[in-house]
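Written out below as structure tokens is the structure these notes cover.
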Amino acid sequence: MPRRQIRVTGAAEAPLRAALRALRTELDVPEAFGPQVLAEAERAAREPTLPAYDATDVPLFTIDPPTSTDLDQAMHLSRRPDGYRVRYAIADVAAFVVPGGALDAEAHRRVTTLYFPDGKIPLHPPVLSEGAASLLPDQTSPAVLWTIDLDADGRPTATDVRRALVRSRAKLDYESVQKQLDAGTAEEPLALLKDIGLLREQQEVARGGISLNVPEQEITERDGAYELTYRAPLPADGWNAQISLLTGMAAAELMLAYGTGVLRTLPAAPDGAVGRLRRTARALRIDWPHHVSYAELIRSLDPHLPHHAAFLQECTTLLRGAGYTVFRGGVTPDLTTHAAVAAPYTHCTAPLRRLVDRYASELCLAATAGEEPPEWVLAALDDLPKRMAEGTRRAGTAERECVDIVEAALLKDRVGELFDGTVVDVQEREPTVGTVQLESPAVVARIKSEEGAGGLPLGERLRVRLTQADPGSAKVLFAPA
């Protein structure tokens with residue numbers, strides 16, 4: 001996928017920043033933390049509730065984008081005589097947040113961290129999320145430490161979760177990790193990320209799970225200007241994600257056996273949605289025999305081929321409809337699985353950035369200890385799905401709108417120009433309207449044929465003309481040239 005970097009500078013910068021401010025207002029985004037919240041966070045940073053178990057001898061490491069400082073997870077991987085051991089430390093937000101306090105109430109109002117090109121709106125004050133509660137290198141921190149033993153094929157054989165003091169030794173990023181793994185220079189704890197990641201991917205195949213390897217648009221700021229690029233996930237991204245998935249699946253199994261919990265669920269796609277994908281595959285000249293499952297087809301595709309990338313983008317429609325399912329008292333819910341994971345699963349690995357994960361950690365700790373969950377956890381459970389749905393929806397809207405605004409700012413002075421692109425989506429009910437992915441700049445935008453011009457050619461490379469670009473309305477529109 002072309003990755004020519006485009007920058008927002010000069011005349012485009014002022015309307016961009018104005019549009020981003022307007023978006024914050026439209027989404028009712030919480031800005032600064034109040035003085036009471038900040039004072040409570042400062043006290044908590046100085047005096048967290050520390051666990052008795054000391055695991056600071058485990059040489060953990062983190063893998064995150066280079067500029068990230070809100071580090072939720074740290075890991076250590078090792079061999080066992082008959083398999084592997086995964087130690088996965090998750091930031092223990094409950095060690096800092098007093099239930100019912102100002103900090104807790106503010107987290108319930110914010111729900112998730114929101115990311116904008118000109119900064120983020122964190123779930124917790126930075127003194128915690130980027131400081132005392134973050135698993136920064138060479139900092140002793142309270143954590144929820146998972147120990148998951150795997151057999152030689154990567155299947156879990158034992159799970160333990162407990163509070164512990166931990167100390168990360170290194171902050172790594174995806175590109176440097178990939179280079180070390182490719183060169184064979186990584187030390188064993190990091191080298192095992194590839195070994196275990198590949199085994200877990202094989203387990204994913206066996207259970208019918210799906211990981212969509214779709215190139216993504218990214219907005220980055222450099223030297224006061226913005227760039228919009230395509231980023232294809234590295235293999236190391238996927239192997240790192242498999243460790244998080246493993247933990248989320250282990251957490252779900254613990255809660256189901258315990259009888260109380262909160263799951264991340266996704267129903268199977270309806271036949272109509274799969275039928276639409278089959279029609280899209282035909283339009284894109286992708287061979288999908290009836291005996292080949294959806295999951296098998298996905299794994300056979302190359303996201304660097306434009307028509308494959310277009311189909312993978314369409315496949316994301318089957319992931320809509322995910323939600324949170326609460327259960328208690330030993331009553332198992334009707335839906336316990338996440339269709340893309342193809343197993344029970346929960347969110348528990350990002351408590352610095354997502355509210356529900358703090359509750360999932362507490363439920364898993366209680367399940368492991370055979371104790372009742374804390375009352376503050378039980379009291380909040382029933383409200384969590386609705387609250388998380390609202391927060392997730394706001395985060396998704398912010399992400400989409402930010403990309404639209406940056407695209408409009410990039411292109412506002414280029415109305416009338418021609419570009420090369422590929423039609424990656426066509427509306428079934430209105431085939432003259434769809435989505436085009438440009439080769440350069442890294443723009444994915446709406447395209448509409450003129451009346452009477454016929455339907456758009458799905459999967460076809462074509463020349464398109466920019467007809468509209470307005471950062472104020474976040475609208476970009478193309479037409480076939």
Is there a donor-acceptor contact under 3.5 Å from the side chain of E296 to the main chain of S293?
yes
Should the heavy atoms of other residues, nucleotides or ligands under 6.0 Å from CD of E187 be counted, would the total exceed 12?
no
Ion pair present between D151 and R80, side-chain N to carboxylate O less than 4.0 angstrom?
no
Any carboxylate oxygen within less than 4.0 angstrom of a Lys/Arg side-chain nitrogen, looking at R394 and E399?
no
Distance-only donor-acceptor check, side chains Y88 and H76, under 3.5 Å:
no
More than 12 non-hydrogen atoms from neighbouring residues, nucleotides or ligands closer than 6.0 Å to CD on E175, yes or no?
no
Electrostatic pair D57-R167, nearest N-O below 4.0 angstrom
no
So, for L103 and P125, which heavy atoms are closest and what is the spacing to 0.1 Å?
CD1-CD, 3.4 Å
Note: K179-D182 ion pair, threshold 4.0 Å (strictly below)
no
Just by distance, with hydrogens left out, do T265 and T325 show a side-chain donor and acceptor under 3.5 Å apart?
yes
How about CG on D302, more than 12 heavy atoms from neighbouring residues, nucleotides or ligands closer than 6.0 Å, or not?
yes
If we ignore hydrogens and angles and just use 3.5 Å, is the side chain of R328 paired with the main-chain N or O of L378 as donor and acceptor?
yes
Are the side chain of R200 and the backbone of I243 linked by a donor-acceptor contact shorter than 3.5 Å?
no
When you measure from the side chain of Q73 to the backbone N and O of A89, does any donor-acceptor pair fall under 3.5 Å?
no
R109/E106 salt bridge by N-O under 4.0 Å criterion
yes
Between P351 and D72 the two heavy atoms that sit nearest each other are N-OD1, 3.2 Å
cation_pi(R264, Y324) dist<6.0 Å, angle<=45:
yes
Please name the pair of heavy atoms, one in L135 and one in A74, separated by the smallest distance, quoted to 0.1 Å.
CD1-N, 3.7 Å
State whether the side chain of Q437 and the backbone N or O of A445 hold a donor-acceptor pair below 3.5 Å, judged by distance alone.
no
Residues D92, R163: salt bridge by 4.0 Å N-O rule
yes
Set out, in order, the CA-CA distance, both residues' side-chain angles and the distance that settles side-chain contact (heavy atoms from CB on, under 4.5 Å) for L246 and L150, then state yes or no.
CA-CA 10 Å; L246 169 68; L150 308 175; 4.1 Å; yes
Does D173 offer a backbone N or O that forms a donor-acceptor pair with the side chain of S176 under 3.5 Å?
yes
Under 3.5 Å, is there a donor-acceptor pair between the side chain of D104 and the main chain of P99?
no
Donor-acceptor pair, distance only, cut-off 3.5 Å: does the side chain of T157 make one with the backbone of D149?
yes
Does the ring of W288 carry R282 above it, NZ/CZ under 6.0 angstrom from centre and within 45° of its axis?
no
With distance as the sole criterion, is a donor-acceptor pair present between the side chains of S211 and E204 under 3.5 Å?
yes
Is the ring centre of Y174 less than 6.0 Å from the ring centre of W239?
no
Would R446 and D425 satisfy salt bridge (charged side-chain N to carboxylate O under 4.0 Å, His left out), going step by step from the backbone distance to the final call?
CA-CA 9 Å; R446 190 164 174 261; D425 179 53; over 6 Å; no
Distance only, no hydrogens: is a donor on one side chain within 3.5 Å (strictly under) of an acceptor on the other, for T349 and S244?
yes
Any donor-acceptor pair under 3.5 Å linking the side chain of S68 with the backbone of D64?
no
Nearest heavy-atom pair of F96 and A44: which atoms, and what distance?
O-CB, 3.1 Å
Distance alone, cut at 3.5 Å: any donor-acceptor contact between the side chains of R461 and T422?
no
Take E460 and R285, measure what salt bridge (charged side-chain N to carboxylate O under 4.0 Å, His left out) needs, and give me the verdict at the end.
CA-CA 10 Å; E460 295 289 335; R285 298 180 301 283; 3.2 Å; yes
S134 to S141 - nearest heavy-atom pair and separation
O-OG, 3.4 Å
For I286 and L301: C-alpha separation, side-chain torsions, deciding distance, then whether side-chain contact (heavy atoms from CB on, under 4.5 Å) applies.
CA-CA 9 Å; I286 292 173; L301 301 179; 4.2 Å; yes
Under 3.5 Å, is there a donor-acceptor pair between the side chain of N240 and the main chain of D237?
no
